[in-house]
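Accompanying notes for the structure given below.
Because only heavy atoms are used, hydrogens play no part in the values below, and waters and symmetry mates are left out as well, while side chains stay in.
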Amino acid sequence: MSQIFLVRHGEVEGNAGPNRTFAGWGDKPLTEKGRAQAQAVAERLSREKLTAVYSSDLMRARDTAQEIASRQNLTVQTETGLREVNYGEWEGLGDAELLRDWSDLWQRRVADPFHVAPPGGESYADLWRRLQPVWDAIVERHQGQSVAIVGHNGSLRILLCHLLGAPLGNARHIRLMNTSISCIEYENSAMESGAARFVISSMNDTCHLAGI
């Protein structure tokens with residue numbers, strides 16, 4: 001049995017509160033609460049024997065991953081393919097601003113995020129083209145092992161849709177809180193036969209955040 005722990009990064013400005021914004025490829029640092037969340041998820045995963053810790057190369061994911069890796073005497077392996085969706089000209093904006101200034105395109109994006117991209121940004125199809133090869137390589141490389149992947153709200157939800165066999169455009173129907181853990185399991189024998197069956201044994205687990 002192999003396990004992959006999918007972890008969303010800790011909180012950054014714009015992730016919480018009434019005026020949430022799209023961070024995208026913006027390289028935002030963790031807030032004080034985000035750092036506490038990263039330490040809490042690292043403590044939770046210290047109970048697992050991890051072979052590797054992978055991360056998006058963006059600061060908020062990388063710093064969260066470093067907390068996890070340091071407790072396992074591992075080095076974070078960064079992958080650009082694990083980055084969040086690129087929101088292009090929409091980065092740093094929220095829903096209200098998009099409805100005001102980009103109403104037609106924003107509504108088309110909400111209706112069909114798989115095909116419709118923000119100006120200068122990515123559709124879900126664009127993201128999946130760069131994310132899938134990274135995911136496949138990690139799965140192939142770590143059969144029979146446990147690893148952690150630290151990523152982002154959009155990219156991890158798209159990956160979960162893929163594993164569920166759901167349309168990738170349904171990603172917005174999944175909620176992943178900051179430093180939540182989603183555990184993916186699969187049997188090595190299934191991998192060898194070419195018919196791997198992934199089981200999502202938990203999703204959006206935040207029990208380690210009690211009191212934060």
Is the shortest heavy-atom distance from the side chain of Leu105 to the side chain of Pro119 under 4.5 Å? yes
Within a strict 4.5 Å, meaning less than it, do heavy atoms of the Asp95 and Trp106 side chains meet? yes
What about [X] and [Y], same hydrophobic cluster or not, with Ile/Leu/Val/Met/Phe/Trp/Tyr joined at side-chain heavy-atom distances under 4.5 Å?
| X | Y | value |
| --- | --- | --- |
| Phe22 | Ile158 | yes |
| Leu156 | Leu168 | yes |
| Val85 | Leu160 | yes |
| Leu163 | Ile138 | yes |
| Leu6 | Val76 | no |

Would you compute the distance between atom [atom1] of [X] and atom [atom2] of [Y] and round it to the nearest 0.5 angstrom?
| X | Y | atom1 | atom2 | result |
| --- | --- | --- | --- | --- |
| Arg157 | Cys161 | CZ | SG | 8.5 Å |
| Gln145 | Lys49 | CD | NZ | 10.5 Å |
| Trp135 | Leu82 | CH2 | CG | 10.0 Å |
| His9 | Met59 | NE2 | CE | 12.0 Å |
| Ile68 | Leu74 | CD1 | CG | 10.5 Å |
| Ile184 | Ile200 | CD1 | CD1 | 4.5 Å |

Heavy-atom donor-acceptor pair, [X] side chain to [Y] backbone, under 3.5 Å:
| X | Y | result |
| --- | --- | --- |
| Arg109 | Val116 | yes |
| Glu97 | Gly94 | yes |
| Arg8 | Leu176 | yes |
| His208 | Thr179 | yes |
| Glu48 | Ser146 | no |
| Ser123 | Phe114 | yes |
| Gln72 | Leu45 | yes |
| Ser155 | Gly151 | no |

Closest approach of [X] and [Y], non-hydrogen atoms and distance?
| X | Y | result |
| --- | --- | --- |
| Val139 | Tyr186 | O-OH, 3.2 Å |
| Leu127 | Glu84 | CD1-C, 3.9 Å |
| Gly10 | Thr64 | N-OG1, 3.1 Å |
| Ala16 | Arg20 | CA-NE, 4.0 Å |
| Val147 | His142 | CG1-CG, 3.5 Å |
| Ile212 | Ala36 | CD1-O, 3.7 Å |

Salt-bridge criterion met for [X] and [Y] (N-O under 4.0 Å):
| X | Y | value |
| --- | --- | --- |
| Glu43 | Arg71 | yes |
| Asp57 | Arg62 | no |
| Glu11 | Arg60 | no |

Is it the case that atom [atom1] in [X] sees more than 12 heavy atoms from other parts of the structure closer than 6.0 Å?
| X | atom1 | result |
| --- | --- | --- |
| Met203 | CE | yes |
| Gln77 | CD | yes |
| Asp136 | CG | yes |

Do [X] and [Y] have side-chain N/O donor and acceptor atoms under 3.5 Å apart?
| X | Y | answer |
| --- | --- | --- |
| Ser103 | Gln107 | yes |
| His152 | Ser56 | yes |
| Ser202 | Asp205 | no |

[X]: partners by side-chain hydrogen bond (donor to acceptor under 3.5 Å, both in side chains), with sequence neighbours left out:
| X | answer |
| --- | --- |
| Glu89 | none |
| Thr78 | none |
| Asn15 | Asn178 |
| Arg141 | Tyr54 |

Sorted by chain and number, sequence neighbours left out, side-chain contact (heavy atoms from CB on, under 4.5 Å) with Glu91 holds for Trp25, Asn86, Tyr87
If a pair satisfies salt bridge (charged side-chain N to carboxylate O under 4.0 Å, His left out) and one of its residues is in residues 158-186, list it, with sequence neighbours excluded. none
Please state whether the rings of Trp90 and Trp102 are parallel, tilted or perpendicular, taking 30° and 60° as the class boundaries. perpendicular
